[in-house]
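Numbers here simply count residues along the sequence, with the first being 1. Here the structure is a predicted model, which is why all the values come from computation and not from measurement.
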Amino acid sequence: MSRISAARLLAPARALISKHYGPAVPSPFLSSYSILRQLAGLARPKEDKEAWRESMERIRNIGISAHIDSGKTTLTERILFYTGRIHEIHEVRGKDGVGAKMDSMDLEREKGITIQSAATYCTWNDYQVNIIDTPGHVDFTIEVERALRVLDGAILVLCSVGGVQSQSITVDRQMRRYEVPRLIFINKLDRMGADPWKVLDQAKHKLRHNCAAVQVPIGLEGELQGLVDLVHCKAIYFHGAHGEKIVSGEIPSDLSSLVTEKRRELTEAVSEVDDVLAERFLNDEPITADELEMAIRRATISLKFVPVFMGSAYKNKGVQLLLDGVLSYLPCPIEVTNHALDQTKNEEKGDLLLPWLSS
């Protein structure tokens, strides 16, 4: 009886082998892998490689890291809200007693800090973004270490008042160790004493980054109204109860000279590490928004440049533009080289290649 049942169970597998491989017998591993994918209704990578590549290009695996109280969890809460994953915004240590979505532990809600890393996902402009929100306290830095080992990209959040702090340097060092491309988000522009240009200068000297702003704030502290996109040269405002309505407009006249100066600084910083843009920059040829955007992406993925975004997560300004930056400048899984340690060669570092993904 058991033999008959086994024969019936193996019949679909035999049919698949005959259909896809014919009389030739493939290697056991590849045949098993392909059969499992077929039984699951999935196409084999080699047969549908372009579709597989396209699906991978629409995935971003990112982490959000920073010094404590820089606004990481608040930023993640806004990302989840704007992408439709949650329908209400709750603050860290909010008066309603609910707490932020990513603070799942009672102790996290009570103390208002992140203790353990929390993972979630969302969808933005038909891209899937997998997010890990990491702790900022130095006592839980091992959580950041674990997260960065599996991430393709990261957002380093800096406070516009506190600037680069001790844990900011530690987190950035960890990102550098695991060769994680990153964006910088200067948060809390609504706070008194906010100075994004001071923080940008600290990122250059304390963190030793080749970085430049891709945005200019329209007002600061209580007068923060919106941002100027230096790549596309337009002003962007955030209307609605939660800043969900994005309105584009002309650049304010009092900011025109500053915008021209900062865009030239951005172009110059990127051209120093990108040969394609450097040739056009040195020849004084006009540089389009698409050309500048692609150059920033190439430089960011190659760890030669860090674009700097600005905003206020608490006041719902700049978060959607940061999400656009994640899609535009951070790598997808197939653009990242995974490494393994060969234990037979004294843990020598080597590229990790999966047999069913190789050409």
Side-chain angles (χ1 to χ4, degrees), residues 59-68 70-73 75-76 79 114 117 119 124 127 129-136 141 143-160 163-187 196 199-215 230-231 266 269-270 272-274 293-311 313 318-319 321-333 335-339:
I59 294 177
R60 298 291 183 273
N61 300 314
I62 66 168
I64 300 177
S65 303
H67 186 87
I68 190 170
S70 294
K72 301 178 302 299
T73 304
L75 174 61
T76 308
I79 290 175
T114 301
S117 297
W124 183 253
Y127 283 74
V129 182
N130 302 313
I131 304 172
I132 297 181
D133 180 30
T134 63
T141 188
E143 289 285 329
V144 183
E145 189 95 7
R146 290 170 180 163
L148 289 174
R149 293 176 65 180
V150 299
L151 294 173
D152 300 329
I155 300 172
L156 178 62
V157 184
L158 300 177
C159 175
S160 62
V164 175
Q165 301 176 70
S166 59
Q167 190 64 7
S168 306
I169 299 173
T170 301
V171 169
D172 185 75
R173 189 184 302 120
Q174 291 170 324
M175 292 180 182
R176 201 182 296 269
R177 180 186 306 140
Y178 293 108
E179 299 180 350
V180 178
R182 51 203 171 279
L183 314 177
I184 288 178
F185 180 66
I186 300 179
N187 195 19
V199 179
L200 178 60
D201 188 62
Q202 289 178 349
K204 291 179 180 178
H205 294 93
K206 289 188 176 183
L207 301 180
R208 302 189 306 277
H209 281 315
N210 175 32
C211 57
V214 295
Q215 296 167 343
L230 294 178
V231 176
L266 171 64
V270 179
E272 288 178 357
V273 293
D274 186 82
E293 187 173 81
M294 290 304 299
I296 294 174
R297 178 177 177 79
R298 290 191 298 267
T300 303
I301 293 176
S302 61
L303 303 174
K304 298 177 181 177
F305 179 74
V306 179
V308 179
F309 290 77
M310 302 181 184
V319 179
L321 302 186
L322 178 64
L323 276 169
D324 291 338
V326 167
L327 306 186
S328 299
Y329 304 133
L330 290 183
C332 64
E335 292 176 311
V336 176
T337 302
N338 296 303
H339 298 288

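- You'll find the side chain of V319 reaches within 4.5 Å of the side chain of L75, heavy atoms only.
- Side-chain contact between V129 and I79 is absent, with no heavy atoms from C-beta onward closer than 4.5 Å.
- By the 4.5 Å heavy-atom criterion applied to side chains, I186 and V308 are counted as neighbours.
- For the pair P333/N61, a side-chain contact is recorded, criterion being any heavy-atom separation below 4.5 Å from C-beta on.
- The existence of a salt bridge linking R298 and E335 is excluded, since no basic side-chain nitrogen approaches an acidic carboxylate oxygen closer than 4.0 Å.
- Note: T76 OG1 to I155 CD1 = 8.0 Å, rounded to the nearest 0.5 Å.
- Shortest non-hydrogen contact noted between G163 and Q202 is CA-OE1, 3.3 Å.
- In this structure, L323 CG and Y127 OH are separated by 13.0 Å, a value rounded to the nearest 0.5 Å.
- In this structure, S328 and E293 approach most closely via the heavy-atom pair OG-OE2, 3.9 Å.
- Taking the side chain as every heavy atom from C-beta outward, F185 and L158 never approach each other to under 4.5 Å.
- Counting only distance, with no hydrogens or angles, the side chain of S160 and the backbone of P196 share no donor-acceptor pair below 3.5 Å.
- In terms of heavy atoms, A299 sits closest to V273 at CB-CG2, 3.8 Å.
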Evaluate the criterion side chain to side chain contact (heavy atoms under 4.5 Å, CB included) for residue pair K206 and Q165; output intermediate values, then yes/no. CA-CA 9 Å; K206 289 188 176 183; Q165 301 176 70; over 6 Å; no

For I62 and N130, run side chain to side chain contact (heavy atoms under 4.5 Å, CB included): C-alpha distance rounded to whole Å, both residues' side-chain angles, the deciding distance at 0.1 Å, then the answer. CA-CA 6 Å; I62 66 168; N130 302 313; over 6 Å; no

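- The one candidate from I296, V270, L330 that meets the side chain to side chain contact (heavy atoms under 4.5 Å, CB included) condition with P307 is I296.
- The side-chain hydrogen bond (donor to acceptor under 3.5 Å, both in side chains) test applied to E272 returns no partner, not counting sequence neighbours.
- At a threshold of 4.0 Å, the pair R182-D172 counts as salt-bridged, since one of the basic side-chain nitrogens sits closer than that to a carboxylate oxygen.
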Applying side chain to side chain contact (heavy atoms under 4.5 Å, CB included) to I131 and I64, what does each step give before you reach the verdict? CA-CA 7 Å; I131 304 172; I64 300 177; 4.0 Å; yes

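- Nearest approach of N210 to A269, heavy atoms of both residues: ND2-O, 3.3 Å.
- Shown here for I301 and Y329, the closest heavy-atom pair between the two residues is CG1-O, 3.7 Å.
- Taking CG of L156 as the reference point, atom CD of Q174 lies at 11.0 Å (rounded to 0.5 Å).
- Rounded to the nearest 0.5 Å, atoms CZ (F309) and CD1 (I184) are 11.0 Å apart.
- For D274 against A295, the heavy-atom pair with the smallest separation is OD2-CB, 3.8 Å.
- Q215 places a side-chain N or O within 3.5 Å of a backbone atom of M310 that can act as its donor or acceptor partner.
- Between the side chain of D152 and the backbone N or O of R60 there is no donor-acceptor pair closer than 3.5 Å.
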